[in-house]
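What follows is a set of notes on a single structure, which appears directly below.
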Amino acid sequence: MRVQSSATAPIGIAVPAPTKSFGTLQAALGVAAFSLTFPATAWGLEGFGPWSLVAVRSVLAALIAAGCLAALRVPVPSRRDRPGLAVVALGVVVGFPLLTTLALQTSTTAHAAVVVGLLPLTTALLSALRMGTRPSRTFWTAALAGAAAVVAFTVQQSGGALTTADLYLFAALLVCAAGYTEGGRLARVMPGWQVIAWALVLCLPIGVPAAALALAYEPVHLTAHSVAGLLWVAAGSQFLGLVVWYRGMAAIGIPKASQLQLAQPLLTLVWSVLLLGEHLTVAAPLTAAAVLVCIAVTQRARG
């Protein structure tokens with residue numbers, strides 16, 4: 001497969017697609033960026049209401065994206081790609097940030113992280129349904145084992161009962177997996193950064209009035225934490241992280257890239273301790289070991 005590396009490349013000149021090793025690196029950088037999302041959101045909620053935080057982060061990220069698109073004079077996506085971009089916008093730009101932010105009002109970042117640890121399996125399942133991918137039996141066995149470890153950890157932490165926050169998080173899994181799947185498909189025909197950039201710009205007509213309305217009704221108390229959290233979820237999580245993530249998915253495939261995200265809840269657990277002072281149980285390192293083994297197996301399994 002060959003894709004144009006940037007919007008400024010001459011028409012008719014194809015640039016080789018990223019190698020699989022480089023694609024893995026990019027996907028891993030995306031996971032690292034995403035692992036800070038929940039702690040940064042918790043910081044943002046110290047000064048913003050949930051609706052304000054989501055709307056303002058979307059607008060800020062969209063302005064960054066629009067600036068990049070304008071500076072590089074990127075043409076408007078073709079009509080056939082717009083429905084896919086709408087799915088990315090609804091799932092990744094609006095749905096996942098909103099649902100997880102609502103969940104984090106009553107859930108710790110550590111608990112939310114392990115629930116969202118089911119995202120890799122959810123993404124792999126939707127990818128198989130949407131794109132007809134057929135990973136090997138070894139791949140699925142390891143993926144299910146990793147998901148089982150995450151579920152066991154979650155149930156142990158919550159005492160076996162689902163909360164409203166868990167329902168928000170499970171809904172976030174579905175919409176985000178749909179956005180990842182569609183974004184990974186689009187990243188095969190256009191540069192990954194343009195996928196998320198156009199999805200963000202699509203949300204501007206809704207995001208601007210939503211931000212104005214939310215800021216009018218929710219009190220804002222600016223602190224160093226709240227500003228830093230807002231800036232990270234807007235620029236780091238919502239734009240830069242998704243840029244390298246979609247490029248990585250295009251290079252190594254959606255199922256394998258999605259399994260790298262099994263490491264995300266473990267990284268988030270570390271950040272929750274270092275940045276938020278949360279306390280972890282002894283089950284965390286055991287889950288970490290099990291999940292890391294599953295990641296290694298899924299990355300070696302042949303699709």
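For the single chain, residues carry numbers from 1 onward in sequence order.
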request  = Please indicate whether Phe34 has more than 12 foreign heavy atoms, meaning atoms of other residues, nucleotides or ligands, lying under 6.0 Å from its CZ.
outcome  = yes

- Task: Decide side chain to side chain contact (heavy atoms under 4.5 Å, CB included) for Phe239 and Val233; before the verdict, give the C-alpha distance in whole Å, the side-chain angles of both, and the deciding distance to 0.1 Å.
- Result: CA-CA 8 Å; Phe239 184 64; Val233 294; over 6 Å; no

Closest heavy-atom pair, Leu173 versus Thr122, reported as atoms and distance to 0.1 Å, is O-CG2, 4.0 Å

dist Leu29:CG -> Leu240:CG (nearest 0.5 Å) comes out at 11.0 Å

Passes side chain to side chain contact (heavy atoms under 4.5 Å, CB included), Leu119 versus Cys176? Steps please.
CA-CA 8 Å; Leu119 183 57; Cys176 189; 3.9 Å; yes

* Greater than 12 external heavy atoms within 6.0 Å of Ile206's CD1 -> no

Is a donor on one side and an acceptor on the other found under 3.5 Å between the side chain of Ser107 and the backbone of Leu104? no

OG1 of Thr287 to CG of Leu266, rounded to nearest 0.5 Å, is 8.0 Å

For Leu126 and Ala177 the tightest heavy-atom approach is CD1-CB, 3.5 Å

Residue set satisfying ring pair (Phe, Tyr, Trp, His ring centres under 6.0 Å) with Tyr246, at least two apart, ordered chain then number -> none

- prompt: Taking it one step at a time, do Thr163 and Thr106 satisfy side chain to side chain contact (heavy atoms under 4.5 Å, CB included)?
  reply: CA-CA 9 Å; Thr163 64; Thr106 56; 5.9 Å; no

Is it true that a side-chain atom of Glu218 and a backbone atom of Ser52 form a donor plus acceptor pair closer than 3.5 Å? yes

Query - Modelled atom types, side-chain donor and acceptor of Gln238 and Ser58, under 3.5 Å - result: no

Distance col, row Thr123:OG1 vs Met249:CE, nearest 0.5 angstrom, shows 7.5 Å

**Asked** Do the side chains of Val220 and Leu231 join up, straight or via other hydrophobic residues, at under 4.5 Å, putting them in one cluster?
**Response** yes

Between Val201 and Ala62 the two heavy atoms that sit nearest each other are CG2-O, 4.2 Å

Any side-chain heavy atom of Thr109 sitting closer than 4.5 Å to one from Leu276?
yes

Determine whether Leu60 and Val56 make a side-chain contact, defined as any pair of heavy atoms from C-beta on separated by less than 4.5 Å.
yes

Determine whether Trp198 and Val74 make a side-chain contact, defined as any pair of heavy atoms from C-beta on separated by less than 4.5 Å.
yes

One should read off an interatomic distance between Leu85 CG and Ser78 OG, to the nearest 0.5 angstrom, of 8.5 Å

Report yes or no: do Val88 and Val76 belong to one cluster of Ile/Leu/Val/Met/Phe/Trp/Tyr joined by side chain heavy-atom distances under 4.5 Å?
yes

Co-membership, hydrophobic cluster, residues Tyr168 and Phe38, 4.5 Å side-chain: no

Original post:
Under 4.5 Å between side-chain heavy atoms, hopping through other hydrophobics if needed: is there a path connecting Ile64 to Val195?
Top reply: yes

**Asked** Is Thr268 reaching over with its side chain to a backbone N or O of Ser35, donor-acceptor style, under 3.5 angstrom?
**Response** yes

Closest heavy-atom pair, Ala234 versus Ala61, reported as atoms and distance to 0.1 Å, is O-CB, 3.3 Å

Nearest heavy-atom contact between Gly84 and Leu186 is C-CD1, 3.6 Å

Notebook entry, point to check: Do Ile252 and Leu260 come close enough that some side-chain heavy atom pair is under 4.5 Å?
Noted result: yes

So, do Cys203 and Val94 sit near enough that their side-chain heavy atoms are less than 4.5 Å apart? yes

Indicate if Leu286 and Val291 have the same hydrophobic cluster label, given that clusters are the connected sets of ILVMFWY residues with side-chain heavy-atom separations under 4.5 angstrom.
no

d(Asp81 CG, Met190 CE) to nearest 0.5 Å is 4.0 Å

Minimal heavy-atom distance between Ala86 and Leu202, with the atoms involved, is N-CD1, 4.0 Å

_Thr141 side chain to Arg137 backbone, donor-acceptor under 3.5 Å_ = yes

Less than 4.5 Å apart, side chain to side chain, heavy atoms only: is that true for Leu99 and Val175? yes

If you look only at distance, which donor and acceptor atoms sit under 3.5 Å apart when one is on a side chain in residues 40-50 and the other is two or more places apart or in another chain?
{"from": "Thr41", "atom 1": "OG1", "to": "Thr37", "atom 2": "O", "distance (Å)": "2.7"}
{"from": "Glu46", "atom 1": "OE1", "to": "His225", "atom 2": "ND1", "distance (Å)": "3.4"}

Only one of Leu102, Leu213, Thr101 passes side-chain contact (heavy atoms from CB on, under 4.5 Å) with Trp51, and that residue is Leu102

Quiz item: Going through the distances and angles, do Leu275 and Leu36 end up as a side chain to side chain contact (heavy atoms under 4.5 Å, CB included)?
Solution: CA-CA 10 Å; Leu275 300 178; Leu36 278 163; 3.8 Å; yes

Worksheet item: Taking the six-membered ring where the residue is Trp, are the ring centres of Trp245 and Tyr180 under 6.0 Å apart?
Response: yes

* Asked: Side-chain contact, heavy-atom cut-off 4.5 Å: Val116 with Phe96?
  -> yes

Considering only heavy atoms from C-beta outward, does the side chain of His111 approach that of Asp166 to under 4.5 Å?
yes

Donor-acceptor check, side chain of Arg82 to backbone of Pro77, threshold 3.5 angstrom: yes or no? yes

